[in-house]
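Report on the structure given below.
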Amino acid sequence: MQSSRQFQFGSFEIRVNWIVALCVLITAITLINLGIWQLGRAAEKVDAQMALAEELRQSASPIEAIPKGHLHRANPAMRNRHVLLKGEYLNDKTILLLAEFFESQIGYGVVTPFRLESTGELVLVHRGWTSGILPPNTPPSLQPVEGLSEITAQVFVPPSNYRIISSEIDPTQWPLRMRSLEIGVVSKILGEEVFPFEVRLTEQQPGTLVRHWPAVTADVNQNLSYAIQWFSFGLVVLFAAIFASSNLWSLIKGPDRT
């Protein structure tokens, strides 16, 4: 049996060495399988993230149950923690965060203090986004919620590089307008202590507006990057073998005009 054979398809010619072709094919398949494996790992991370989020939603614990010693940024258990709140919105003390965007539209982030029924403590509840593109002298749509409510939310722990932009605030004008939510400043204006983190409403809660925050997703960028690399290596091996054993490069260059 010959170890190689010449094939011709029109002007395209290729010589196939069966042993080399087998090695090339095995190598390319191995590299492509590594890429597929990385995509599988990314899918597993996403599924695990979704399962964890659902579990947290179902097991949201009362916000009053969080020990005071846990309320600091360095505690990883606080990040995106689901909490249950029962109490009442202070609609007349709503805060508007300026220049927040949703689908390229400018508007306001709406934060309303929520007084817990059990302890009387105030929690700043970010309810979402409302449009800022309104006729002159038209107040934004804040959709107040009256009476006792039970809500679930996620604790927002800002990243270490989170930038707070100070504002010039008129404490006599409600709703307050701020460029960033300054919890300490709000606490002074309200004249009482507030929960040290904002909480962001989950879906379909009393008072929810447009939830415009970035979704908390699994970090799959590295897996996707590796997958692209492995697929690229596999294609490079295939194309390099074809170029090395055929006249494809000559056909691409065209006839020699010298």
Side-chain angles (χ1 to χ4, degrees), residues 48-73 75-97 100 102 107-131 139-158 162 174-178 180-217:
Q49 176 71 32
M50 293 176 63
L52 176 61
E54 183 60 28
E55 180 183 346
L56 290 172
R57 271 192 291 270
Q58 294 178 358
S59 61
S61 58
I63 195 168
E64 303 95 323
I66 302 175
K68 296 297 183 183
H70 289 192
L71 298 176
H72 56 85
R73 293 191 185 190
N75 181 6
M78 289 301 301
R79 191 173 301 277
N80 301 316
R81 179 169 180 165
H82 283 68
V83 289
L84 179 68
L85 298 85
K86 186 174 182 180
E88 191 170 358
Y89 285 108
L90 304 186
N91 296 297
D92 60 338
K93 301 299 182 183
T94 290
I95 302 152
L96 299 179
L97 303 181
E100 293 204 357
F102 173 70
Y108 303 103
V110 180
V111 178
T112 304
F114 189 93
R115 190 175 297 281
L116 300 176
E117 182 187 40
S118 61
T119 63
E121 184 181 9
L122 287 181
V123 181
L124 299 182
V125 177
H126 200 320
R127 297 167 50 204
W129 178 92
T130 191
S131 176
S141 176
L142 303 182
Q143 301 179 28
V145 179
E146 304 293 343
L148 192 65
S149 298
E150 187 172 302
I151 60 176
T152 59
Q154 282 181 284
V155 177
F156 173 67
V157 180
Y162 188 74
W174 294 91
L176 293 180
R177 284 168 165 78
M178 308 180 74
S180 298
L181 184 60
E182 301 176 74
I183 294 178
V185 173
V186 174
S187 177
K188 289 181 181 178
I189 293 173
L190 294 175
E192 56 184 296
E193 187 176 350
V194 300
F195 188 75
F197 298 103
E198 70 174 88
V199 301
R200 295 177 170 181
L201 286 180
T202 56
E203 294 179 325
Q204 300 179 340
Q205 300 300 309
T208 302
L209 300 173
V210 177
R211 299 178 70 251
H212 64 304
W213 313 288
V216 179
T217 57

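In what follows, residues are counted from 1 in the order of the sequence shown. Computed over heavy atoms, backbone and side chain alike; hydrogens, waters and symmetry mates excluded.
- Distance alone, capped at 3.5 Å, places no donor-acceptor pair between the Arg81 side chain and the Val155 backbone.
- Contact of the Ile189 side chain with the Trp174 side chain is registered, since non-hydrogen atoms from C-beta on lie closer than 4.5 Å.
- Side-chain contact between His126 and Leu181 is absent, with no heavy atoms from C-beta onward closer than 4.5 Å.
- Contact between Arg127 and Gln143 at its shortest, heavy atoms only, is NH2-O, 2.7 Å.
- Residues that satisfy the salt bridge (Lys or Arg N to Asp or Glu O under 4.0 Å) test with Glu192, not counting sequence neighbours, are Arg115.
- Nearest heavy atoms, Pro113 versus Val111: CD-O, 4.1 Å.
- For Ser141, the side chain to side chain donor-acceptor pair (under 3.5 Å) criterion is met by no residue, not counting sequence neighbours.
- Shown here are the side chain to side chain donor-acceptor pair (under 3.5 Å) partners of Glu117, two or more places apart in sequence or in another chain: there are none.
- In this structure, the side chain to side chain donor-acceptor pair (under 3.5 Å) partners of Arg200, at least two apart in sequence or on a different chain, are Glu198.
- Remark: Phe197 pairs with no residue by the ring pair (Phe, Tyr, Trp, His ring centres under 6.0 Å) rule, at least two apart or across chains.
- Using modelled atom types, one finds no donor on one side chain facing an acceptor on the other under 3.5 Å when comparing Thr119 with Glu64.
- Leu209 CG to Thr112 OG1: the interatomic distance, rounded to the nearest 0.5 Å, is 8.0 Å.
- By the side chain to side chain contact (heavy atoms under 4.5 Å, CB included) test, Thr208 is found to be paired with Leu201, Gln205, Arg211, residues two or more places apart in sequence or in another chain being considered.
- Legend: salt bridge (charged side-chain N to carboxylate O under 4.0 Å, His left out) pairs involving residues 144-156, not counting sequence neighbours: none detected.
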Chi angles and distances behind the side-chain contact (heavy atoms from CB on, under 4.5 Å) call for Met178, Val186
CA-CA 10 Å; Met178 308 180 74; Val186 174; 3.8 Å; yes
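- Glu100 pairs by the side chain to side chain donor-acceptor pair (under 3.5 Å) definition with His212, not counting sequence neighbours.
- Remark: Pro175 engages Thr94, Leu96, Leu142, Arg177 in a side chain to side chain contact (heavy atoms under 4.5 Å, CB included) (not counting sequence neighbours).
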Show every donor-acceptor pair shorter than 3.5 Å between a side-chain atom in residues 84-93 and any protein atom, with sequence neighbours excluded, or say none if there are none.
from  : atom 1 : to     : atom 2 : distance (Å)
Tyr89 : OH     : Pro206 : O      : 2.8
Asn91 : OD1    : Val145 : N      : 3.2
Asn91 : ND2    : Val145 : O      : 2.9

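- Annotation: salt bridge (Lys or Arg N to Asp or Glu O under 4.0 Å) contacts of Arg79 (sequence neighbours excluded): none.
- Partners of His72 by side chain to side chain contact (heavy atoms under 4.5 Å, CB included), not counting sequence neighbours, listed by chain and number: Ala74, Asn75.
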